[in-house]
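So that the names make sense, note that chain A is the first sequence line, chain B the second, and so on, each numbered from 1. Excluded from the calculations below are hydrogen atoms, water molecules and symmetry mates; all remaining heavy atoms, backbone and side chain alike, are included.
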Amino acid sequence: MVDSTSISQRINGAVRRFPPGLLYLVAPFPAVWWFYQGATGGLGPEPIKALEHLCGEFALQLLVVGLAVTPLREFTGLNLIRFRRAIGVIAFSYVFLHLCVWLVLDVQILGQIWADILKRPYITIGMVGFVTLLPLAVTSNNLSVRRLGPLRWRRLHRLVYGAVLLGGVHFLMVVKGWQLEPMIYLGVIVILLAARLARRRRNPAT
Amino acid sequence: MAGRWRNDLNWSDVTPREVYLSRRRLMAGVGAAGLGAVAGPALAELGAVPSRYSTDEEPNSFEDITSYNNFYEFGTGKDDPARHAENLTTEPWTVRIDGLVDRPGDYSFEDIVRPVELEERIYRFRCVEAWSMVVPWVGFELADLLERVGVQPSARYVAFETLVRPEEMVGQRYGVLDWPYREGLRLDEAMHPLTILATGLYDEPMPKQNGAPIRLVVPWKYGFKSIKSIVRIALTEEQPPTSWNMSNGREYGFYSNVNPDVSHPRWSQATERKIGGGLFARRFPTRMFNGYGEEVADLYAGMDLAKFY
């Protein structure tokens, strides 16, 4: 235990030197690289679906990382809380990019887009997830925290729990048959959410 | 994934077919003159003859057809079959033909193809996931084989099974589907001249990721009906169970004819996108029976295709 704590503290010390703003600077690189690859044949013969999937999966990964920040601090002492806002905002950007690739490059036809959103449960769920994230993205700034007050702001941002869950279900439903990868994502998401529930039971005040 | 090294050579960089064919012809000439015996190993040329059933649409490249596959026996990613299928042993290969046939038995691949004249059938291929290709298959009509084994009068359906060999087919280590992969056709669909058993494409033996050594191709049905790497064909009286129907009957029917008017719970079937068109490829309308309505619509006269999807 002593060892792991000291490791966490060392990492915390190292990480403190990185300004969170740095994340925004590197965030566009995957998207630019994938788009370049897609345009030059590097994503295989069906680059649209590949790009769509890459953006969506990266967004889900970032959301999971964002969700892991608090349990990590609690169980290992590793403190990444300074980066959480940037992680969340970048995750939202990739969700938005995923949605844009689907709208503009993949489905293309407006009538079909509406039909898809209304008729196909996995798309409905994905859209609800996106809409849930919208107010969080809009209020991800200091001004909004001040205006809403920390309590209300924190309550609003609990919406992310629902959004991540919807994202995981969306991924599970989009694949055909029973595939392992989306089940792993959903499993991790459920564990991370359960960790919060357990903590709230122990300590209902927070 | 990002950062992975990629070969920037394409199949188009390989010696053009006409050139290597004429090179081979030259070698044959040299051999005939008694000077040869140096010809290196080359892909066998199947010598398929053209067919009037071929479309004149532009076939997808060999690279497209062999790098973007749904063959869950090798994994669920589109590039998994191309990466993992090379481990599949296809020689020897035996197909058990049984059920309501006069001459049941284990037929070797060689026995099956020896008497047939291979044809090139350039068909449209429409996946249920709303993408499509044009593929220059090489094969022969399933009806030829069924006639040879003798279909008994009571037979009404044909059932097919794919090989189960998890030690070579890595995707079978997971329960994505209930292995073996199963498919089926009504007997009149199976006997239709458009229905072929394919043993190659681009005049070369079937690549393993495309269902070597022998697979079904039913061009007016969604691609998953065209079962790959077949080891069993059985004639039955009852409609046989089929894999995707067993897995999710609401989404995948037994018939699964390409039908832009019957919407699938996951994908609108009204439009499709041809593979290989790049990042800005447009969708275009899907045609009833994948454009083969003139040939096959009669098979379904009087049937409610929204009910028998």
**OP:** Determine yes or no for a side-chain-to-main-chain donor-acceptor pair under 3.5 angstrom, with B:Ser247 supplying the side chain and A:Gly177 the backbone.
**Re:**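 Pair absent, no side-chain N/O of B:Ser247 close to backbone of A:Gly177.
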**OP:** Using atom types as modelled and distance alone, determine if a side-chain donor or acceptor of A:Thr139 lies under 3.5 Å from a backbone N or O of A:Pro135.
**Re:**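 Judged by distance alone, yes, a pair lies under 3.5 Å.
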Original post:
Between B:Trp131, B:Tyr174, B:Trp244, which shows the greatest number of heavy-atom pairs under 4.5 Å with chain A?
Top reply: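 Of the candidates given, the most pairs with chain A belong to B:Trp244.
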Most heavy-atom pairs under 4.5 angstrom with chain B, which of [options]?
options                      : result
A:Pro121, A:Ala39, A:Pro45   : A:Pro45
A:Asp116, A:Val107, A:Ile123 : A:Val107
A:Gln179, A:Lys49, A:Lys119  : A:Gln179
A:Gly38, A:Ala50, A:Pro30    : A:Gly38

Original post:
Contact part of B:Asn70 toward chain A, heavy-atom cut-off under 4.5 Å: side chain, backbone, both or neither?
Top reply: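 Side chain only.
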Original post:
Got a salt bridge between B:Glu129 and B:Arg266, using NZ or NE/NH1/NH2 to carboxylate O under 4.0 Å?
Top reply: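 Between B:Arg266 and B:Glu129 there is no salt bridge, as every charged N stays at least 4.0 Å from the carboxylate O atoms.
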Original post:
Is the closest basic N to carboxylate O distance between B:Glu183 and B:Lys225 below 4.0 Å?
Top reply: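 Looking at B:Lys225 together with B:Glu183, the answer is yes, because their closest N to O distance falls below 4.0 Å.
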**OP:** Any salt bridge (charged side-chain N to carboxylate O under 4.0 Å, His left out) involving residues 87-101 of chain A? Give me the pairs, sequence neighbours left out, ordered by first then second residue.
**Re:**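 Sorted pair list comes back empty.
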Original post:
What is the ring orientation for B:Phe224 with B:Tyr222, classed by angle as parallel under 30°, tilted 30 to 60°, or perpendicular over 60°?
Top reply: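 Taking B:Tyr222 first and then B:Phe224, their aromatic rings lie parallel (interplane angle under 30°).
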Under 4.5 Å from any heavy atom of chain B, what part of [X] do you find: side chain, backbone, both or neither?
X        : result
A:Val175 : backbone
A:Ala115 : neither
A:Ile48  : both

**OP:** Using side chain to side chain contact (heavy atoms under 4.5 Å, CB included) as the criterion, list what pairs up with B:Thr286, not counting sequence neighbours.
**Re:**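 For B:Thr286 the side chain to side chain contact (heavy atoms under 4.5 Å, CB included) partners, ignoring immediate neighbours, are B:Arg126, B:Val258, B:Pro260, B:Glu272.
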